[in-house]
Amino acid sequence: MRKPFTPQLVYFEPNALEYPLGKELKEKFELLGTEIRYTTSHNQVRNLPGDNDFQRYRVAKSTLVVGIRKTLKFDTSKPSAEYAIPFATGCMGHCHYCYLQTTMGSKPYIRTYVNVDEILEAADRYIEERAPEITRFEASCTSDIVGIDHLTHTLKRAIEHFGQSELGRLRFVTKFHHVDHLLDAKHNGKTRFRFSVNADYVIKNFEPGTSPLAKRIEAAGKVARAGYPLGFIVAPIYLHEGWEEGYYHMFERLDAELPLDARDNITFEFIQHRFTKPAKKVIEKNYPMTKLELDESARRYKWGKYGIGKYIYQKEEEEDIKEHLYGYMEKFFPNAKFEYFT
Ligand code: SF4
């Protein structure tokens with residue numbers, strides 16, 4: 001996706017129009033001539049256009065619902081942060097392995113919440129509870145927040161809010177390059193801006209509707225030059241023909257783009273490809289032509305929560321992945337902080 005996302009259809013909860021952001025979004029979509037509908041609740045959007053599930057899924061992914069976040073109790077978000085901060089739910093991307101396909105089930109449309117002040121106040125209460133410890137908030141647990149932020153600027157407000165906070169920290173990850181409006185935010189080093197990166201083959205085949213690798217890397221360079229602490233999540237690490245060169249080339253390109261003075265405060269997280277049986281079913285339904293390899297017999301079974309185990313790579317493959325990726329990281333970014341491999 002080279003152009004920033006514009007929804008084809010927008011729903012408003014009537015109460016959302018009592019908030020300045022709700023009003024602003026309505027004016028914006030009226031000017032753009034986008035079809036506007038109303039819904040009593042952002043949890044109950046029914047009758048999306050389309051003749052079958054396949055079509056309705058695609059329409060939902062380009063539908064934006066503007067609502068109010070009622071639950072201000074935050075979920076925990078280990079290992080990367082203490083809490084998930086809920087500014088939005090859903091994403092316009094079409095990554096075949098996206099975890100949202102299973103977690104959002106019948107509601108794959110994108111929701112944005114206009115009661116941003118209340119969400120930030122709730123975050124401040126969590127920070128107070130844990131003082132004098134630092135409290136980290138992850139803003140991308142249920143969406144790719146950067147992908148819609150050019151419309152709402154909610155993330156920008158949050159970055160500036162945490163910029164003023166002594167003990168609060170913000171972090172998020174994105175597969176989009178539309179970062180320009182965030183470059184002048186007064187972050188004061190309190191926000192870690194992470195990009196999800198992968199080998200070209202993986203992005204091209206399994207991540208339609210997101211930004212190409214070159215664009216993500218270019219955006220990471222801009223973010224680094226704007227002084228943000230930077231991070232990369234290499235996920236999912238996927239074995240394919242020529243994967244060693246593919247990931248090497250990815251590191252090489254990061255190395256070519258990132259300014260030297262930004263390299264002492266970079267983090268890396270590595271996540272190998274995995275799937276569950278329910279996820280496999282949903283992927284095959286939503287992306288029937290996918291080339292994604294989902295053969296349980298080729299994988300190792302790892303017991304999981306609620307009896308739903310996941311299929312990960314065999315031990316030797318896992319060791320091979322670790323050896324290669326750690327090696328590349330150390331070669332190109334010897335001062336980076338490695339956070340975890342999972
Ligand atoms: Fe899912 Fe992230 Fe892809 Fe969006 S960009 S579809 S949240 S994996």
Side-chain angles (χ1 to χ4, degrees), residues 1-8 54 56-65 75 77 80-81 84-113 138-152 154-155 171-179 182 193-217 219-220 223 231-238 269-276 278-280 282-287 289-292 294 310 342:
M1 178 180 282
R2 286 175 192 271
K3 283 203 201 128
F5 167 69
T6 1
Q8 303 302 307
F54 185 81
R56 277 189 289 272
Y57 178 75
R58 272 141 188 89
V59 170
K61 285 277 205 175
S62 59
T63 298
L64 181 69
V65 181
D75 287 332
S77 175
S80 78
I85 189 163
F87 295 125
T89 314
C91 177
M92 72 301 285
H94 276 280
C95 304
H96 295 183
Y97 31 59
C98 179
Y99 59 101
L100 295 179
Q101 291 191 70
T102 34
T103 55
M104 294 182 61
S106 59
K107 297 173 201 150
Y109 46 82
I110 305 153
R111 283 166 266 180
T112 184
Y113 308 115
E138 172 71 62
S140 44
C141 286
T142 52
S143 70
D144 189 311
I145 187 77
V146 175
I148 53 168
D149 205 59
H150 61 282
L151 296 169
T152 62
T154 297
L155 187 59
R171 51 203 283 130
F172 50 84
V173 60
T174 184
K175 289 185 169 74
F176 292 91
H177 70 280
H178 309 109
V179 301
L182 300 171
F193 206 130
R194 287 129 81 223
F195 286 86
S196 166
V197 287
N198 218 314
D200 255 331
Y201 170 91
V202 179
I203 295 182
K204 277 191 193 134
N205 284 288
F206 308 124
E207 300 189 351
T210 65
S211 298
L213 178 62
K215 288 278 172 198
R216 294 185 208 174
I217 295 180
V223 162
F232 295 99
I233 304 193
V234 188
I237 302 166
Y238 180 79
E269 296 153 77
F270 293 153
I271 305 176
Q272 65 169 304
H273 179 247
R274 76 271 317 280
F275 62 92
T276 60
K280 176 175 172 169
V282 187
I283 293 169
E284 287 175 343
K285 181 171 148 231
N286 289 337
Y287 303 101
M289 304 300 281
T290 188
K291 286 203 236 163
L292 197 63
L294 299 167
K310 43 196 169 191
T342 173

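Source: prediction; values computed, not measured. Atoms within a ligand are numbered from 1 in the order they appear, just like the ligands themselves. Throughout, numbering of the chain's residues begins at 1 and tracks the sequence.
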* Is it the side chain (CB and beyond), the backbone, both or neither of Thr174 that lies under 4.0 Å from ligand 1, heavy atoms counted? ->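 No part of Thr174 is near ligand 1 at this cut-off.
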Which ligand 1 atoms, with their elements, are less than 4.0 angstrom from a heavy-atom of [X]?
X      : answer
Leu100 : 7 (S)
Gly93  : 6 (S)
Asp144 : 5 (S)

* Asked: Just by modelled atom types, is the Ser80 backbone N or O under 3.5 Å from a matching donor or acceptor in the Arg171 side chain?
  ->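 Indeed, once roles are kept as given, a pair shorter than 3.5 Å links the two residues.
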* To do: Mark yes or no for whether Ser211, through its side chain, and His177, through its backbone, hold a donor-acceptor pair below 3.5 Å.
  =>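 Answer holds: yes.
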* **Near-ring test Phe87/Tyr113, centroid separation under 6.0 angstrom** =>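 No: the rings miss the under 6.0 Å criterion.
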* Close side-chain approach of Pro208 and His96, heavy atoms under 4.5 Å ->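 Counting from C-beta outward, Pro208 and His96 do come under 4.5 Å.
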* Student check: side-chain heavy atoms of Phe5 and Asp144 closer than 4.5 Å ->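 With C-beta onward as the side chain, the pair stays apart.
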* To do: Name the closest protein heavy atom to atom 2 (Fe) of ligand 1, giving the residue it belongs to and the distance to 0.1 Å.
  =>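 The answer is Lys175 NZ, 3.8 Å.
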* Which protein non-hydrogen atom lies closest to atom 4 (Fe) of ligand 1, naming both residue and atom, and how far is it? ->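 The closest heavy atom on the protein side is Cys91 SG, 2.3 Å.
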* What class does the angle between the rings of Tyr201 and Tyr238 fall in, given that below 30° is parallel, 30 to 60° is tilted and above 60° is perpendicular? ->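 Parallel.
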* **Metal check, atom 3 (Fe) of ligand 1 vs Cys95 N/O/S, cut-off below 2.8 Å** =>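 Yes.
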* Asked: atom 1 (Fe) of ligand 1 to Cys98: any N/O/S contact under 2.8 Å?
  ->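 For Cys98, the answer is yes, given that an N, O or S atom comes within less than 2.8 Å of atom 1 (Fe) of ligand 1.
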